[in-house]
Amino acid sequence: MCGAKVLRLYSVRDFAFSYTVESAQPLTFYSDYEVRSGAISFPYKDSMVSLKYKSSDSKGVFYLVGGAGGSGFGSKELSKLFRLEDNMDNIYGKISTDAFMKSSVEKYRGMRLTHNDPWITTLVFIISQFNNIKRIRRIVKTLMEKYGDAIYDGDKVVGKAFPRMETLSRLSVKELMACGAGFRADYIREASRYCSENLDLYRLGSKDYDTIKSELMQVRGVGDKVADCIALMGYGKLEAFPIDTWVKRVVERVYFKGKKKSIKEIHTFAEDRWGGLAGYAQQYLYWHGMHSL
DNA sequence: ACCCAGGCGGGCG
DNA sequence: CGCCCGCATGGG
């Protein structure tokens, strides 16, 4: 940090930095975060972004720590990534439908959904399936280190970009297995190829939720749950409700007296109960459920 | 040793 | 549609 420029980027309230960054969203897997200093760094396009968040009382301030200039990452991008314009009072009012949701909101108040790059989100959640958080991170980091384009500050390599889909599509299953991907190696290869040749992820953003989800499910390795994760965290579709083992378990236990319910029944339940904010409800259900059940 | 992890694809009835 | 199975790998 010797002589680095520090730029005040954004002031915000109802924001919990660590919960937002650590709650198994894409940033959890592709960024480096220091809890103590409140500093985070991650690649954005072809440069590194370093942020600090300092909170005092009920509000906090984001600072952009200098470094490689011209990253194109400013207050607008920051606001989109961390959904800083979300009205949390309104959201909490609508998702706090019962005691379980209320206690989750109370405990993790300020945890935001994040709105990430669609390709990053797609790859991260393909890797997430039948996997645990620590290992997801390790696989993502390995892919970045081995196959991400080098990011320079002058002539010094300061980081690695997120691997491009074209790069990964040319790798062999064996090379991907060597990154620890396991049986997902084939999914990664096929998804990378399909997204670089047959499906433009960056043209999906303007479509509605149902279209986005069904288009995503054409990608190898993307099923109902992963498609919802991408719709939610890659396209900002707040009605998406990803159902993983934890969410299924929580919903069955809290709302159906432990009775088994199908994925379809749970989707219907979530839509009826939380509607267009089901995605936020899911994030609080998931994180609280995983830590309390 | 055994079980599970932010599931999915494929095959079956 | 529902159900069942196998899938690599590492940590508890």
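Here is the naming used below: chain letters follow the sequence lines, and residue numbers restart at 1 for every chain.
Residues A:L232 and A:I133 fall within the same hydrophobic cluster, defined by Ile, Leu, Val, Met, Phe, Trp and Tyr side chains chained together at heavy-atom separations under 4.5 Å. A:M217 is not connected to A:Y194 by any chain of hydrophobic side-chain contacts under 4.5 Å among Ile, Leu, Val, Met, Phe, Trp and Tyr, and they are in different clusters. At a threshold of 4.5 Å between side-chain heavy atoms, the hydrophobic network of Ile, Leu, Val, Met, Phe, Trp and Tyr places A:M177 and A:V140 in two separate groups.
Sorted by first then second residue, the salt bridge (charged side-chain N to carboxylate O under 4.0 Å, His left out) pairs that include residues 253-263 of chain A, not counting sequence neighbours, are A:E252-A:K260. Identified under the salt bridge (charged side-chain N to carboxylate O under 4.0 Å, His left out) test for residues 22-39 of chain A, with sequence neighbours left out: A:D32-A:R137, A:D32-A:K141.
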Please output the side-chain donor-acceptor pairs of residues 98-108 of chain A that fall under 3.5 Å, not counting sequence neighbours, one pair per line with the distance.
| residue | atom | partner | partner atom | Å |
| --- | --- | --- | --- | --- |
| A:D98 | OD1 | A:F100 | N | 3.1 |
| A:D98 | OD1 | A:M101 | N | 3.1 |
| A:D98 | OD1 | A:Y255 | OH | 3.1 |
| A:D98 | OD2 | A:Y255 | OH | 2.9 |
| A:D98 | OD2 | A:R273 | NH2 | 3.0 |
| A:S103 | OG | A:F100 | O | 3.0 |
| A:S103 | OG | A:H288 | NE2 | 3.1 |
| A:S104 | OG | A:Y284 | O | 2.8 |

Enumerate, atom names and distances included, each donor-acceptor pair closer than 3.5 Å involving a side-chain atom of residues 198-206 of chain A, sequence neighbours excluded.
| residue | atom | partner | partner atom | Å |
| --- | --- | --- | --- | --- |
| A:D200 | OD1 | A:Y202 | N | 2.9 |
| A:Y202 | OH | A:D117 | OD1 | 2.8 |
| A:Y202 | OH | A:D117 | OD2 | 3.0 |

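In this entry the distance linking CD1 of A:I188 with P of B:dG9 reads 14 Å, nearest Å. One interatomic measurement links the two molecules: NZ of A:K134 to P of B:dC4, which rounds to 19 Å at whole-angstrom precision. For A:K260 and C:dC3, the NZ to C1' distance is 14 Å, given to the nearest whole Å. Spacing between atom CG of A:N132 and atom P of B:dC3 amounts to 17 Å, rounded to whole angstrom units. Regarding A:Q218, its CD atom lies at a distance of 14 Å from the C1' atom of B:dG9, rounded to whole Å. One can place CZ of A:F29 at 11 Å from C1' of B:dA5, the figure rounded to the nearest angstrom. Summarising the geometry, the separation between CG on A:L216 and P on B:dG7 is reported as 17 Å, rounded to the nearest angstrom. Rounded to a whole Å, the CG atom of A:D224 is 16 Å from the C1' atom of C:dC3.
Scanning residues 269-277 of chain A for heavy-atom distances under 4.0 Å to DNA chain B yields an empty list. Listed in residue order, the members of residues 98-122 of chain A having a heavy atom less than 4.0 Å from DNA chain B come to none. Proximity of residues 239-259 of chain A to DNA chain B (heavy atom under 4.0 angstrom from any strand atom) is restricted to A:P242, A:D244, A:T245, A:W246, A:R249.
Between A:K264 and the phosphate of C:dC1, there is a side-chain N or O to OP1/OP2 separation shorter than 4.0 Å.
Residue A:K248 qualifies as enclosed at atom NZ: its count of foreign heavy atoms under 6.0 Å is above 12.
For A:Y44, there are no side-chain hydrogen bond (donor to acceptor under 3.5 Å, both in side chains) partners, not counting sequence neighbours. Residues forming a side-chain hydrogen bond (donor to acceptor under 3.5 Å, both in side chains) with A:D149 (at least two apart in sequence, or on another chain): A:R164.
Among the atoms of the strands shown, base atoms are found under 4.0 Å from some heavy atom of A:Q283. Among the protein residues, A:I133 comes within range of the sugar-phosphate backbone only, with heavy atoms under 4.0 Å from sugar or phosphate atoms but none that close to a base. Base engagement by A:S23 is indicated by at least one non-hydrogen atom pair under 4.0 Å involving a base atom. Contacts of A:V173 with the nucleic acid, taken as non-hydrogen atoms under 4.0 Å apart, are absent.
Using a cutoff of 4.0 Å between basic side-chain nitrogens and carboxylate oxygens, A:K213 and A:D224 are scored as salt-bridged. A:K80 has no carboxylate O lying under 4.0 Å from a charged side-chain N of A:E77, or vice versa, which leaves the two without a salt bridge.
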Anything under 3.5 Å between a protein N or O and an N or O of nucleotides 10-13 of chain B, put it in a table, one pair a line.
| residue | atom | partner | partner atom | Å |
| --- | --- | --- | --- | --- |
| B:dG10 | OP1 | A:R220 | NH1 | 3.3 |

Please write out each protein N/O paired with an N/O of nucleotides 6-8 of chain C under 3.5 Å, distance rounded to 0.1 Å.
| residue | atom | partner | partner atom | Å |
| --- | --- | --- | --- | --- |
| C:dA8 | O4' | A:F183 | N | 3.2 |
| C:dA8 | N3 | A:R135 | NH2 | 3.4 |

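Between the CZ atom of A:R112 and the CD atom of A:E85 there is a distance of 9.0 Å, given to the nearest 0.5 Å. A distance of 5.0 Å separates CG in A:L84 from OH in A:Y10, rounded to the nearest 0.5 Å. Here the straight-line distance linking atom CE of A:M165 with atom CG of A:L123 works out to 9.5 Å at 0.5 Å rounding. Between atom CG of residue A:N116 and atom CZ of residue A:F82 there is a gap of 8.5 Å, rounded to the nearest 0.5 Å.
C:dA8 and B:dG11: their P atoms are spaced 16 Å apart (whole Å).
Using bins of under 30°, 30° to 60° and over 60° for the plane-to-plane angle, the ring pair A:F15/A:F17 lands in the tilted bin. Relative orientation of the A:F29 and A:F125 rings is perpendicular, given thresholds of 30° and 60° on the angle between their planes.
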Problem set entry | Intra- and inter-strand pairs of DNA chain B in dot-bracket (Watson-Crick or G-U wobble, both distances under 3.5 Å; | for another strand) | .||||.|||||||
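Here the two rings, on A:F73 and A:F42, have centers that are under 6.0 Å apart. Aromatic ring centres of A:F269 and A:F256 lie closer together than 6.0 Å.
Residue A:M233 is the one, among A:M233 and A:V222, whose nearest nucleotide of DNA chain B lies closer to the 5' end (criterion: closest heavy atom).
Picking from C:dG2, C:dG11, B:dG7 the nucleotide with the shortest atom distance to the side chain of A:S262 gives C:dG2.
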